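This report concerns only the one structure given below.
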Amino acid sequence: MLMKIYNTLTRKKEEFKPLEGKKVRMYVCGPTVYNYFHIGNARAFLVFDAFRRYLEYRGYEVTYVQNFTDIDDKMIKRAEKEGITVKELADRFIQEYFKDADALGIKRADYHPRATEVILDIIEMIKTLMDKGYAYEVDGDVYFKTRKFKEYGKLSHQNLEELEAGARIKVEDKKQNPMDFALWKKKKPGEPSWLSPWGEGRPGWHIECSVMARKFLGDTIDIHAGGPDLIFPHHENEIAQSEGATGKPFARYWMHIGYLNINDEKMSKSLGNFYTAREVIQKHDPEAVRLFLLSAHYRNPINFSYELIQQAEKGLERLYNALENLKHLESVAEERELTPQDKQLLNKFNAYKEEFIKVMDDDFNTADGVAVLFELVKEFNTNIDEKASRKVITAAKNLLLELGGVLGIIQQRGEEKLEEEIEKLIKKREEARQNKNWELADRIRDELKEKGIILEDTPHGTRWKKI
RNA sequence: GGCGGCAUAGCCAAGUGGUAAGGCAGAGGACUGCAAAUCCUUUAUUCCCCAGUUCGAAUCUGGGUGCCGCCUCCA
């Protein structure tokens, strides 16, 4: 069965066939590194990270590119405000990006190019566009001639006339048409600049992605993805530039997530309803954030609140409890021949796995994937105990970790060790319980709780966990 | 004006023709020395409203109501 992917270009779910065998060329628009990224950005990075993981899980060989925009108006403004260079600003927030992205379990891309690293390639592409009549220069600025690109508007499903009619931007005298956009911007005093055939200046925003995608992935890529606000104008413009320059289709599948809102309103600085990913993961388990964001369909809008993150945290706890229980059972169960019941259980596990694949194959339905994980946990909690063969327990544990790994959850908490002193206390409490000295046992339990160790007495021994 | 999305239990949320997943919260019960974890039962005769198509609709069609987004930098 082929996977299906919803394509913004056709507004339909399509069967996913990469250009070349099992190779997938994937480009995701990255952040402008003038600040910490916010929780809305996080949704995009995290969702597409999960899709990449799933594609790899399904045996695709994914080349994943995510850029850093390190030169634009916002960068210049912020650097000026901070009294540092644009380069220093970029270096700093690229580092900060990786701190937060790593914490959220977002895997590193194969390539993380910066716009300023590909200036020569940008100039080359602009030259090509000028040669082909898709661009024109006016006094050191270069613009893309949207009227020349016949399919302009095909991604956002607008036609140029309507766009022009609805254009709220001021008509700049320099542009031939209000929808034309800058490929190259003439240097203003004090701005970083590069030498070009049109004089000193810097690239426009849209051209960098066209160039980086092509440089690292080729003329035609499989998946181009990003936030919903990029559909127009950014991705529309990328198509115009890339297809204008190469004459080939730019991206075969365009994927866009839904907005992340705060109280049903778009998150924006002017409304003051703005959360950086960093402040959220300082307060809550990053895996809970992942679980929260993957619990809804990626194309639907999602409302952010700390209350909902807390709900997700509880759910995550349930998953971890199951995992910890399995680990504990594994340590006490015996290795023995599989009974027919054991075999039946293993078959069931396999059915859950197939269900997971079935729902994820259908346009990455992570919400259903998460549901399968919870159903699996219920199955384990109900039907596996210390009498099960260790083989079954290990298989259960591995499946939970395997499917959780695809979504990037239940991966963080590893094997923890206890200090000797605490182990002694736990033993002491065991003895007290043997002697039915409940008072002492409870006192030790309370004492350990204050130290962040929770004890749970199970039929097959005491289990501990850290909070 | 053009384009588009959404409306499912207290909360979150999946489900696009076959008789309402999953999570959180709540109630009752089991287990436990007590807890915790876990399990069982329970919580939408019903999916914004009206009409229609159909043997059958949350899912399709028409109409209505409400909310939101894009068309301008933004993931």
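Since we're looking at a predicted model, the values are computed, not measured. All chains are named by letter (A, B, ...) in the order of the sequence lines, taking the proteins before the strands, and each is independently numbered beginning at 1.
Comparing N321(A) and K13(A) against RNA chain B, the residue whose closest nucleotide sits nearer the 5' end is K13(A). Toward the 5′ end of RNA chain B lies the nearest nucleotide of W438(A), the other residue of the pair W438(A) and G258(A) mapping further downstream.
Protein atom CD1 of I302(A) is 14 Å distant from nucleotide atom C1' of A75(B), rounded to whole Å. Between F181(A) atom CZ and C71(B) atom P the separation is 16 Å, expressed in whole Å. The NZ atom of K154(A) sits 20 Å away from the C1' atom of G4(B) (whole-angstrom rounding). Rounded to whole angstrom, the span from the OH atom of Y259(A) across to the C1' atom of C67(B) amounts to 16 Å. Separating the CG atom of N300(A) from the C1' atom of U8(B) is a distance of 12 Å, rounded to the nearest angstrom. What separates CZ of R463(A) from P of A35(B) is a distance of 18 Å, to the nearest Å. At whole-Å resolution of the value, CG in N365(A) and P in U16(B) are 9 Å apart. Distance H157(A) NE2 to G5(B) P: 10 Å, rounded to the nearest Å.
Taking atom P in both C47(B) and G10(B), one finds a spacing of 14 Å when rounded to whole Å. Taking atom C1' on both U8(B) and U46(B), the two are 9 Å apart, rounded to the nearest angstrom. Comparing G28(B) with G62(B), their C1' atoms sit 47 Å apart, to the nearest whole Å. Straight-line distance between the C1' atoms of G56(B) and U45(B): roughly 16 Å, to the nearest whole Å. Here, C48(B) and C6(B) have their C1' atoms 11 Å apart, quoted to the whole Å. Taking atom P in both A58(B) and G18(B), the straight-line distance is 11 Å, to the nearest Å. For the P atoms, the distance from U54(B) to C49(B) is 23 Å, rounded to whole Å. Atom name C1', nucleotides C34(B) and A27(B): the rounded distance is 22 Å, in whole Å.
Within 6.0 Å of NZ on K77(A) lie no more than 12 heavy atoms contributed by other residues, nucleotides or ligands.
Remark: of the listed residues I426(A), D457(A), I453(A), D457(A) is the sole one forming a side-chain contact (heavy atoms from CB on, under 4.5 Å) with R445(A). Partner F304(A) forms a side-chain contact (heavy atoms from CB on, under 4.5 Å) with one of I309(A), N261(A), L293(A) and no other, that one being I309(A).
Base pairing analysis places U19(B) opposite nothing; no Watson-Crick or G-U wobble pair with both distances below 3.5 Å involves it. Judged by Watson-Crick or G-U wobble contacts below 3.5 Å, the nucleotide A57(B) has no partner. Shown here, U42(B) forms a base pair with G26(B); the pair counts as Watson-Crick or G-U wobble because both key distances fall under 3.5 Å. The partner of A75(B) cannot be assigned: no Watson-Crick or G-U wobble pair with both contacts below 3.5 Å exists in any strand. Nucleotide C6(B) has G66(B) as its partner under the Watson-Crick or G-U criteria, with both atom distances under 3.5 Å. With a cut-off of 3.5 Å on both Watson-Crick or G-U wobble distances, the partner of A37(B) is given as none.
OP1 or OP2 of G2(B) has not a single side-chain nitrogen or oxygen of N159(A) nearer than 4.0 Å. For G4(B), the OP1/OP2 oxygens have a side-chain nitrogen or oxygen of R11(A) closer than 4.0 Å. For the OP1/OP2 pair of A37(B) and a distance below 4.0 Å, the side-chain nitrogens and oxygens of N325(A) include no atom meeting the criterion.
Residue R445(A) places a side-chain atom within donor-acceptor reach of the base of C34(B), judged by atom type and a 3.5 Å distance cut-off alone. For D457(A) and C34(B), a side-chain-to-base donor-acceptor distance below 3.5 Å is present, hydrogens and geometry of angles not being considered.
Counting any heavy atom pair closer than 4.0 Å across all strands shown, R78(A) reaches no nucleic acid atom. Nucleic acid contact class of L455(A) (heavy atoms, under 4.0 Å, all strands): base. Counting non-hydrogen atoms under 4.0 angstrom, L260(A) reaches a base of the nucleic acid. Within the 4.0 angstrom heavy-atom criterion, base atoms lie near G40(A).
Using a cutoff of 4.0 Å between basic side-chain nitrogens and carboxylate oxygens, E324(A) and R413(A) are not scored as salt-bridged. The pair R443(A)-E439(A) meets the salt-bridge criterion, with a side-chain N (NZ, NE, NH1 or NH2) lying under 4.0 Å from an Asp/Glu carboxylate O. We find that K148(A) and D180(A) are not joined by a salt bridge, their nearest charged nitrogen and carboxylate oxygen being 4.0 Å or further apart.
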What string of B, S and - do you get for nucleotides 20-31 of chain B, 5' to 3', if B is base contact, S is sugar-phosphate-only contact and - is no contact with any protein heavy atom under 4.0 Å? -BSBSS------

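No donor-acceptor pair closer than 3.5 Å links the side chain of Q411(A) to the backbone N or O of G408(A).
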Salt bridge (Lys or Arg N to Asp or Glu O under 4.0 Å) evaluation trace for D368(A) with K358(A): CA-CA 10 Å; D368(A) 277 343; K358(A) 187 183 140 209; over 6 Å; no

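Geometric assessment of R147(A) against the ring of Y152(A) yields a negative cation-pi assignment under the 6.0 Å and 45° thresholds.
In the set A75(B), G15(B), G33(B), G15(B) carries the atom at the smallest distance from any side-chain atom of H297(A).
A parallel orientation is assigned to the rings of H256(A) and W254(A), their planes being inclined by less than 30° (bins at 30° and 60°).
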